[in-house]
Amino acid sequence: IVTIVQAMGTQKMAREHAIIKDLKAVESLGCVSVICSDKTGTLTQNKMTVQKIYLDHTAIMPEVLQINDQLHRYLMYDAILNNDARMDDGKVIGDPTESALLEMVRKCGVDDDFLRGAMERQQELPFDSDRKLMSTVYALHGVPTLLTKGAPDVLLKRAVYLREKQGIRRMTEEDRTEILEQNQRFSGEGLRVLTISGECDYIFLGLVAMIDPPRAESAAAVADAKRAGIRPVMITGDHKVTATAIAKQIGIFGEGDIALVGPELDAMPDKELDHLIGHIAVFARVSPENKIRIVEAWQRRGSVVAMTGDGVNDAPALKAADIGVAMGITGTEVSKDAAAMILTDDNFATIIKAVANG
């Protein structure tokens with residue numbers, strides 16, 4: 001009878017966009033007390049749009065970019081060439097962040113296909129979760145040039161020079177402080193910030209701030225989870241201020257809650273983490289190893305933990321969780337193999353429905 005009931009439950013959940021791979025997982029679903037959810041695409045729409053740009057000490061709107069302005073042109077070069085997204089029949093195919101960059105330059109009247117056709121990529125270093133950077137090499141005006149984009153906190157540590165309208169000069173600590181303060185302002189508005197740099201010894205070009213709005217149903221799903229006694233926790237690779245702003249909008253982060261970044265977690269002993277874990281609502285700039293520690297800390301408290309993930313590096317955390325939840329749209333095959341449940345719509349609300357059905 002129990003097996004039949006579980007089988008009926010999996011059929012019902014499949015109709016609600018949650019595919020159960022392991023029948024025994026249905027037993028655990030009804031006992032879930034903590035859901036550690038990724039932000040991008042699960043709590044948010046995963047539809048990035050460039051909102052603001054910071055160039056030459058000034059925040060501007062993306063629509064004012066002009067290809068005949070040298071400073072603007074170099075930023076556009078990086079946005080187009082240091083990018084693996086593609087346009088197909090008017091639709092952008094690829095990473096949402098890179099897609100947003102292509103849409104930005106097209107709105108400015110720039111033909112990205114022509115530029116790519118005229119220049120050959122000589123070398124590349126793909127983005128990975130450890131470096132938090134992507135780099136490619138092109139011959140710009142006959143000069144081999146390294147184009148890089150990535151996390152501001154990582155790239156600014158490597159930046160030596162600064163490109164302004166007057167030309168290139170060495171970056172000062174005052175410049176670095178000004179850029180970091182602008183990054184904080186963008187992040188405080190819930191914007192994801194990308195740093196654009198180029199050439200050897202990294203010449204800082206500018207910041208590109210994008211928004212990925214929360215899903216309309218995320219706030220209601222978070223409220224439903226809390227009413228059911230389930231603690232929702234946001235885990236993301238984004239900046240802490242950006243993640244916290246989104247978490248506040250949807251109700252995950254409230255009064256008395258804490259936001260923690262990966263390096264802080266690395267330096268924290270297990271005893272201290274066990275003491276604080278119940279108050280930490282947002283984990284930002286996390287590594288795959290951080291996710292496993294978060295799961296284990298909750299489990300030491302006796303909690304039944306559901307963990308979402310979509311990348312190859314998420315597989316260990318999905319295995320360690322009581323319920324590993326992979327994304328059906330953006331998830332890799334490795335993450336799907338490691339998970340006990342697959343969301344075919346990558347939606348946080350679907351997890352809550354699955355727990356209720358379980």
Cation-pi check, R169 onto Y161 ring (under 6.0 Å, within 45° of axis): no
Query - S218 side chain vs I250 backbone, donor-acceptor pair below 3.5 Å - result: no
The side-chain contact (heavy atoms from CB on, under 4.5 Å) partners of F127 (sequence neighbours excluded) come to K132, M134
Practice prompt. Run the salt-bridge test on D257 and R231 with the 4.0 Å N-O cut-off and return the result as yes or no.
Written response: yes
Problem set entry | Salt-bridge present (R121, D84; N to O < 4.0 Å) | yes
TODO: Before giving the answer on salt bridge (charged side-chain N to carboxylate O under 4.0 Å, His left out), spell out for D113 and R106 the whole-Å C-alpha distance, their side-chain angles and the decisive distance to 0.1 Å.
DONE: CA-CA 10 Å; D113 286 334; R106 289 209 165 192; 3.1 Å; yes
Any salt bridge linking R227 with D224? Criterion: basic side-chain nitrogen under 4.0 Å from a carboxylate oxygen.
yes
Are any non-hydrogen side-chain atoms of I329 and T344 less than 4.5 angstrom apart?
no
- Message: Quick one: does any side-chain atom of Q123 pair with a main-chain N or O of Y138 as donor and acceptor, under 3.5 Å?
- Response: no
| said: Quick check against the 3.5 Å criterion: does K353 have a side-chain atom that pairs as donor or acceptor with the backbone of A18? | reply: no
Indicate yes or no: does D78 engage K149 in a salt bridge with an N to O separation below 4.0 Å. no
Q) Are any of the side-chain nitrogens in R176 or E173 under 4.0 Å away from the carboxylate oxygens of its partner? A) yes
Practice task
Spell out, yes or no, whether I60 and V50 are grouped together once hydrophobic residues are joined by side-chain heavy atoms under 4.5 Å, including indirect joins.
Solution key: yes
Problem - Validation row: R192, T97 side chains within 4.5 angstrom (heavy atoms) - result: yes
- Message: Are the side chains of M119 and L81 in contact, using a 4.5 Å heavy-atom criterion?
- Response: yes
| message | Check this for me: does any side-chain nitrogen of one of D346 and R215 sit under 4.0 Å from a carboxylate oxygen of the other? | response | no
Any side-chain heavy-atom pair from V208 and Y54 closer than 4.5 angstrom?
no
Is any side-chain heavy atom of N290 closer than 4.5 Å to a side-chain heavy atom of R285? no
Original post:
Would you say D238 and D212 make side-chain contact, with heavy atoms under 4.5 Å?
Top reply: no
Can you tell me if S187 uses its side chain to pair, donor with acceptor, with the backbone of T242 under 3.5 Å? no
Do I53 and L207 come within less than 4.5 Å of each other through their side chains, counting heavy atoms only?
-> no
Side chains of S197 and T195: closer than 4.5 Å at any heavy-atom pair? yes
message = Looking at R293 and E296, is there a salt bridge between them, counting it only when a charged N and a carboxylate O are closer than 4.0 Å?
response = no
